Structure formats: C-alpha cells, structure tokens
4 protein chains.
Amino acid sequence: MNKPVTTQPIEIIKDKRQAILDTALTLFVSQGFHGTSTASIAKQAGVATGTLFHHFPSKEALMECLFLTIKQEFADALLLNIHKGNDLKHNAMQLWQSAIDWSLANPVKQLFFQQYSMSPMITPKVRDQAMNSILGFISELIKQGQMMGLIAHYPVELMLENCHGQYLAATRFFIDNPQLGTNKDYRNASFELFWKAMQS
Amino acid sequence: MNKPVTTQPIEIIKDKRQAILDTALTLFVSQGFHGTSTASIAKQAGVATGTLFHHFPSKEALMECLFLTIKQEFADALLLNIHKGNDLKHNAMQLWQSAIDWSLANPVKQLFFQQYSMSPMITPKVRDQAMNSILGFISELIKQGQMMGLIAHYPVELMLENCHGQYLAATRFFIDNPQLGTNKDYRNASFELFWKAMQS
Amino acid sequence: MNKPVTTQPIEIIKDKRQAILDTALTLFVSQGFHGTSTASIAKQAGVATGTLFHHFPSKEALMECLFLTIKQEFADALLLNIHKGNDLKHNAMQLWQSAIDWSLANPVKQLFFQQYSMSPMITPKVRDQAMNSILGFISELIKQGQMMGLIAHYPVELMLENCHGQYLAATRFFIDNPQLGTNKDYRNASFELFWKAMQS
Amino acid sequence: MNKPVTTQPIEIIKDKRQAILDTALTLFVSQGFHGTSTASIAKQAGVATGTLFHHFPSKEALMECLFLTIKQEFADALLLNIHKGNDLKHNAMQLWQSAIDWSLANPVKQLFFQQYSMSPMITPKVRDQAMNSILGFISELIKQGQMMGLIAHYPVELMLENCHGQYLAATRFFIDNPQLGTNKDYRNASFELFWKAMQS
DNA sequence: TATGAATGAGACTTCATTCAT
DNA sequence: AATGAATGAAGTCTCATTCAT
C-alpha cells in the first residue's frame, strides 16, 4: 500500500501538537481546567489519549505552555504597533487601542486570560514572569511620563496594577458587548477613562 | 445525668453549618475549588462528611451559598457607611475607603472574590444577581453625578465596569502589600486615580 | 396554647404507621426497593425519618410486614368468595375470577407481587410461608379433582407452579390492558386457557 | 525479549470485557443488582475498577448489555432447533423442549431472566425489544395454528402472555428440582399442560 | 410517640497517566 | 511518533440508622 502524495487541507496537515493546544484553549475556557479531561482534549483534537502525553509531560505542563504561548502572541501584537513618537499620550493611545484590538480579534484567548491570569492553575512564578515581561515597558512609560511631568506622581506599582485592572475591565466590557467594539465613542471613552486617571 | 449548665466557648457552640461555610472559605481560597475535597472541608470543620450534604445539596450549592453570603456581608458593610451629604466627591471617597477597609479587614474574603467573581464556578445568573444588587447604587451615584455635571459623560455601563476593575486592582495591591494598607499616601492615591478617571 | 378540638379529615387522622406502609407500597413499586430511601418514604408519608424506625426496626422489616399484610389481604378476598358447591369447574372459575377481580381492584398491590414475589428482597422463609398458606387449598382442590377424575394426573407440584404462572400471566395482561379487564371474552378466555390445561 | 509463543489457558486469554459480563451475571443473580457493587464485579473478574467503566459507561449499561446478550443467546439456541415440519404439535414440542433444555443447561442465565425480566432494572423499552424479537415467531406459530384450526381462538396477545407465564413456571419448577429435569414424565407433563391450554 | 440533625461506611464514577504494541 | 486499553487512587454523594430532645 503506497502512501499517496496528497495535498491535504491545511487543517489536517496541521501538526497534532498544535491541534492539542488549540483544543485545550477552547475547552479550558468553556469548561474550566478541572472540568476538561485530557481524554476529551485528545478526542476533540482527533488524537489518541497517549499522544497528548508524548507532547506534554502532564496536564499542568500543557496549561503552562498554552499560557506562555498566548502571552507571547499578545506581547508580539503589542510590540508590532509601538512607534515611539514624541507625543506620549498618542503613544499610550496606540498601545491601548492595539491591546483592545487584539482582545477583540482573539476573544477566546482574552477570556482565557480573564479566567486564568489570577487562578491558582498558573504558578506564581510563571504568572509573574509573563506579567513583568509585558508590563515591563509599561512601567518604563509611566516613569518617563512622570519625569516629563505628564503623568501623575503616584507610586508606580499602584499605577501599574491600576492599568492592568482598567485594561481587564475594558476588554471584559467589549467582549460582553461585541457590537460596541467598533464604536468610536465607546473605544475613545475607554481610553479617556484610563488616561485621565494617569495624567497629572 | 444532669444537664450541665454549659458556658461553652463560642466556637464550639457555633453551629455546624457555619463551621462548614467558614472552612470552605479558607480552603477554597488556599487550594482552589477543585483542589478542595468535600471530605477535607468536613474533616477540618469537625463534622462528618454526610453533615455537609445535610446542609448543602451539593458542593456547587455550598459554593453558591458562600458567594452570596459574603457578597451580602460586603454590601451591608458599605451601606452602613453611606451618609448622603451634598459633597459628591466626599461621598464617593467614603464609599471607596469603606470598600478598601472591608477588604483589608477581610482579606480572605476579598481573595475569594478575586478568585471566584469571574470564574465559571459561579453561575452567570448568580454572579449578575450579586453584582447588580451591589453595584445598583453605584450606578445611581454615577448618573446623579453626571446630571450635576461633576462626572464625565461616558456610557454608564462602561464606567461601572471600570469602577469594578479599579477596585479589584486596588484591593489586589493592598492585599499583596499589607503594610501599605494604612499608608495615607497610598490610600489617597488609590482613590485619586479612581476619581480622576470619573470626574468631568 | 390549647390543642383545638378538630374534626380532621380521615386521611390526616389515619395513623402514621399505616401512612408509612401505604407510601412504601407506592414507592417500592414505582422505584424499586433499593431505589427508595427510607427518608423519601418518611417525607412523602408526612412523618419524620426517625418515626419510621419507631414502627419498624429496619427497612427490611418494613418490607416484610408490607408483603405479609398484602398477602393476607389477598387471601381474605379469595376466601370470602369460596362457596364450595358440587361443580368443581364452577368453583374453580369463581376462585379464578375473584383473584383477577382483586388484582384489578388493587393494581398497585398486584404489581408489588409481580416485582417482589420472586425477588431476593423477600427471604425464602417468608415467601414460602405466604405462598403455602394461600396455595394450600389450591393444592387440595387439585387433589380432589384428580380423585374425581376431573383433573389431569400430572404431578401436583408441577401443576401448582403452572397455576401460579398462568395467574401471574393473566394479571400481567389485564393490568397492562386495563380496558379489557371488564371484557367478558377476555375474562373467560383467561379462565378457559387455565382450565383446559388442568382438566383431564 | 522475544514474544513467547503462548498457549495460555482459554480462560486467561478471554478478553476482560467478557470476564466482566460473566462475573456480573453470577453476582447479579446471587446478590441482586443493588447488592452487587461495581467494585466487587471488577475484583472478581480480575480487572481494575476503571476497566469496567472503560467497557460500559455505567452499571445500568452493563446490566442492559448483559440482558440483551443473554436474550440473544437464548433466541439463537431456539432458532437452531426449529425444523418446520407439517405436524404443528410436534414443532411446538420441539420448541418447548429446546427452551427447557436451554434453561437446564444455563440455569444461572435462566435465574437471571426470572429475576430481571420483570424488574425495574430493565427499561421497558429494552424489555419489549427483547421480548418481541423472540416472541415474534411464537406469535406467528399461534396465528398459523388458529388458521389451521388446531389452536384455540382466544386473543393472541393473551395467549402469548400465557405461553410466557407457563414457560417461566416450568423452568422455575425444573430449576428448583434439578433431578426431575431429565425425568420424561415431568418433561412431558410440562409440555402437555401447555399444549392442552393452547389446542382447540 | 415523635422529631430531624448527625453519622460514616460505602456506592458509583472519573481521570491523569502508563505501556505494550 | 502514535495508539488506546488498562490502571487504581480519589472524588462526590447517598443512605439506613441513631439519639438527644
């Protein structure tokens, strides 16, 4: 029996490891981490139960890999749109809108963050690592702004946490109300709320 | 055998149902919902496994009861400190400080909210019910402020979500840094960030 | 607080012991012995869980009491209609019709027999005792008929078992098809099948 | 390590699924459905508890599978011995004797039928399906006999139920008195009782 | 007689993980 | 790399029964 030289649809060629990650994302978001069995991930991904454990040593490891992969995707999307100009507010706005855009383009991944960023499923070490690498340059922006007198002089760590909280709130709102995601008024309002809090 | 005139320590008299709720709170926060077995709750609460199910039909029902009970406690604490004066900003600050105070006085309960307010362990129906009954008067305050020209004219639902997000961020910060909870500068800063976002 | 002198409806006055027996009958038939908890019997009978165990030392004892009580009821109904005439076939028919009548008048009790007469819930001792006391005079009738040359000369124990089997089949049929219970043709047919097997 | 050329005893080669079915049959008959724990089935079958649930989604499903499997076995045994000759009574006798033979050769399976054919453990749907597929050709035989004037003209469904009842009675008798199973007189008597009821 | 909270053994079932193929 | 039958520990929940009131 010869192996036929097929030009199969992309989805079928896509390697099993990626299929497992994709399926895990969907199921973790819709049913929770403990509500999702490795068997169900394997089944829906179209692989055998054993296969999952060839690619990931454990369920926890799969979760960690998923978390870091998506965080990296998010960071890449943000970095792509950073054009350091002289206008700090403009830069901040671009960053904010990029982040909102990404969350609207990847609602399932954003829901994944909402659910798991703070959950005990993610070890603090992994969480902090992911957070800092992303919030690192936010922190820099805030310090710069303060030195330039454009940003209020509150403790930086408090402001950082506040940024994160407002961002989560905004994406939560837009994901719950998808039709407003393209509405200029709402989009601007979400940034203005944020910026007013920050500015001096 | 005479019935002894007991002056038992309060903790022992406290009924078993409450002991179960208290223990569940602690364990859910420290080990997660799925990481906590009903057997361990019962054991640590000093009751038999069957007793838990005598008072709560299921583990989920126990969680729901716990969530609503604590939300009510929080709401009661806030309502106690509302003194409607003419100065809107002052009123808002009192509310904000009451909320922060409560979270510092009840750090475990606050952690419980951080973990479960957005989790799939809580039915959307229950979550919304709890949210609306509490955030209801916040919504009213915002609308009043807008009519008086003191609060910015952004969509109310977006502002509401933003309030919640900033509150979660502030309590997260103070619980992670307990020694700053009594620091006037940090406390004021947390309110100022919030208020600046809101004001017109 | 005075106890009012009420003339309560019979159902409420009916003593709790009987209420427990009645409820147990219904539930055992509809949900099976193991599918029925003592708690559910007590609840539906309108008594406390403990009360059941004041009247019956155990669930098994309740079952046994129920079984014997109903068997006795059935036997009483049959004996009432026995008028020993000279016509053996006529006597047999009266007996047969009485039995069918009883089963139609007490369908739940008949279903109870269908389910439990042969089940391991009833100890063989109790079962045999109940059986023999009733089938005793059937046995006598057969022997008489054989001596008179009216009944076929097969082994009595085999015929006895056959009688029982045909009776169960007939009641099963009439209970499954209640509208045919009053149909003369079906009623006569059920007896004729039985009698033809028996006669010599 | 070479794969040994095993000539293992048949019992050990027999797959685990079958071992579970066999053990379940024995235990359900001797201890009842609810008196038999899935753990005890697995243990006595020599497999892990999980294995049972790998092959059968639930205890109920195991019961259903067992019931249908045995019913099929019984039907196969009957069909094997049907030789449609011209003598209807002879055909009926062959069928009757085959059925009794099967019950004597498989007493445990027959006891299983006695206990569970009418029990609430078996869904009415499953019960009817099994019954009809087997009793289907009995029904045809009766109709044929009636057209040929050999069988009494009573309602077919009533006669069918009667057949079943007499069959259960006969097997009950022979299983309770195993030494009479080979006794010609008793065997013939059991058929004659049946046939006399049927004939016109 | 009646109550119903409390008990704890034991039931069914799930599931992450392994391993021979 | 891939498979999927097998494992057995651990989880949630049920329930007959007791006992202080």
Side-chain angles (χ1 to χ4, degrees), chain A residues 15-17 20 33-43 45-63, chain B residues 1 3 15-17 19-20 33-43 45-62, chain C residues 15-17 20 33-43 45-63, chain D residues 1 3 15-17 19-20 33-43 45-62:
Chain A
D15 76 348
K16 308 201 174 213
R17 192 188 131 93
I20 291 167
F33 179 75
H34 283 102
T36 304
S37 66
T38 53
S40 72
I41 297 172
K43 189 174 191 179
V47 304
T49 53
T51 306
L52 189 154
F53 290 90
H54 269 286
H55 291 287
F56 306 95
S58 72
K59 195 185 180 187
E60 273 76 22
L62 166 60
M63 172 55 114
Chain B
M1 213 194 301
K3 213 156 92 199
D15 74 349
K16 310 208 172 206
R17 193 189 131 94
I20 292 167
F33 180 75
H34 283 104
T36 304
S37 69
T38 52
S40 72
I41 297 173
K43 190 173 192 177
V47 303
T49 55
T51 305
L52 190 154
F53 291 94
H54 180 68
H55 290 287
F56 307 94
S58 70
K59 195 183 180 188
E60 273 77 22
L62 166 60
Chain C
D15 78 346
K16 308 202 174 212
R17 192 189 132 92
I20 291 168
F33 179 75
H34 283 102
T36 304
S37 66
T38 53
S40 72
I41 297 172
K43 189 174 191 180
V47 304
T49 54
T51 306
L52 190 154
F53 289 90
H54 269 284
H55 291 287
F56 307 95
S58 72
K59 195 186 181 186
E60 274 75 22
L62 166 59
M63 172 55 115
Chain D
M1 214 196 298
K3 214 156 91 198
D15 74 349
K16 311 207 172 207
R17 193 189 131 94
I20 292 167
F33 180 74
H34 284 102
T36 304
S37 69
T38 52
S40 71
I41 297 173
K43 191 174 192 176
V47 303
T49 56
T51 306
L52 190 155
F53 291 93
H54 180 67
H55 290 287
F56 307 95
S58 71
K59 196 184 180 187
E60 273 77 23
L62 167 59

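What you are looking at is a predicted structure, and each value in this text was computed from that prediction instead of being measured. Below, all heavy atoms of this structure are taken into account, side chains as well, without hydrogens, waters or symmetry copies. Chain letters run A, B, ... following the sequence lines, proteins first, then strands; residues in each count from 1.
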> Roughly, in whole Å, what's the span from CE in C:Met63 to C1' in F:dA16?
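One finds 15 Å between C1' of F:dA16 and CE of C:Met63, rounded.
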
> Could you state the interatomic distance from CD1 (A:Ile20) to CD1 (A:Ile41), rounded to the nearest 0.5 Å?
8.5 Å

> Return whichever of B:Pro57 or D:His55 has its heavy-atom-nearest nucleotide of DNA chain F closer to the 5' end.
D:His55

> Under 4.0 Å, heavy atoms only, any strand: does A:Thr49 hit a base, just the sugar-phosphate, or nothing?
base

> Specify the separation, in whole Å, of atom CZ of B:Phe53 and atom P of E:dG10.
18 Å

> Rounded to whole Å, how long is the line connecting atom CZ of D:Phe56 with atom P of F:dA5?
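For the pair D:Phe56 CZ and F:dA5 P, the rounded distance is 13 Å.
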
> Need to verify one output field. Residue with the more 5' nearest nucleotide on DNA chain E, C:Ala48 or B:Ala48?
C:Ala48

> Nearest whole Å is fine: how far is F:dA5 P from D:Lys16 NZ?
13 Å

> Could you tell me whether C:Thr36 contacts a base, only the sugar-phosphate backbone, or nothing, with contacts defined as non-hydrogen atoms closer than 4.0 Å?
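Sugar-phosphate contact only.
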
> When the distance from CD1 of D:Ile20 to P of F:dA6 is rounded to whole Å, what number comes out?
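About 8 Å, once rounded to whole Å.
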
> Once you round to the nearest 0.5 Å, how far does CZ of B:Phe53 lie from CG of B:Leu62?
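Here the rounded value is 8.5 Å.
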
> When rounded to the nearest 0.5 angstrom, what distance separates CZ in C:Arg17 from NE2 in C:His54?
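The NE2 atom of C:His54 is 14.0 Å from CZ of C:Arg17, to the nearest 0.5 Å.
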
> Any side-chain N or O of A:Thr38 under 4.0 Å from OP1/OP2 of E:dA16?
yes

> Taking the nucleotide of DNA chain F with the nearest heavy atom to each, does D:Thr51 or A:Val47 sit closer to the 5' end?
A:Val47

> What distance separates A:Lys43 NZ from A:Leu52 CG, expressed to the nearest 0.5 Å?
15.0 Å

> What distance do C:His55 atom NE2 and C:Asp15 atom CG have between them, rounded to the nearest 0.5 Å?
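Answer rounded to 0.5 Å: 7.0 Å.
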
> Rounded off to whole Å, could you give me the CD-to-C1' distance for the B:Glu60 and F:dC13 pair?
11 Å

> Using a 4.0 Å heavy-atom cut-off, does D:His34 contact any base of the nucleic acid, only the sugar-phosphate backbone, or nothing at all?
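The residue D:His34 makes no contact with any strand.
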
> May I have the distance from B:Asp15 (atom CG) to E:dA6 (atom P), rounded to whole angstrom?
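Atom-to-atom, B:Asp15 to E:dA6, this comes out as 8 Å.
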
> Scan D:Ser37 against the nucleic acid and name what it touches under 4.0 Å (heavy atoms): base, sugar-phosphate only, or nothing.
sugar-phosphate

> What heavy-atom pair brings A:Ala48 and A:Ala42 nearest, and what distance separates the two atoms?
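Closest approach of A:Ala48 to A:Ala42, heavy atoms only: O-CB, 3.7 Å.
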
> What integer distance in Å separates C:Leu62:CG from F:dT17:P?
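The answer, rounded to whole Å, is 10 Å.
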
> The test is side chain to side chain contact (heavy atoms under 4.5 Å, CB included); show your working for A:Met63 and A:Phe56 and say whether it passes.
CA-CA 9 Å; A:Met63 172 55 114; A:Phe56 306 95; over 6 Å; no

> Nearest to the side chain of D:Lys59, which nucleotide is it out of E:dC12, F:dG4, F:dC13?
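In terms of side-chain proximity for D:Lys59, the closest of E:dC12, F:dG4, F:dC13 is E:dC12.
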
> Taking A:Thr36's backbone N and O only, do any of them form a donor-acceptor pair with A:Lys59's side chain (distance below 3.5 Å, no angle check)?
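Checking the backbone N and O of A:Thr36 against the side chain of A:Lys59, a donor-acceptor pair under 3.5 Å is found.
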
> Ignoring the backbone of B:His54, work out which of E:dT7, F:dT7, E:dA5 is nearest its side chain.
E:dA5

> Wobble G-U and Watson-Crick pairs count when both distances are under 3.5 Å; given that, what is the 5' to 3' dot-bracket string of DNA chain E, with | for pairing to other strands?
.||||||||||||||||||||

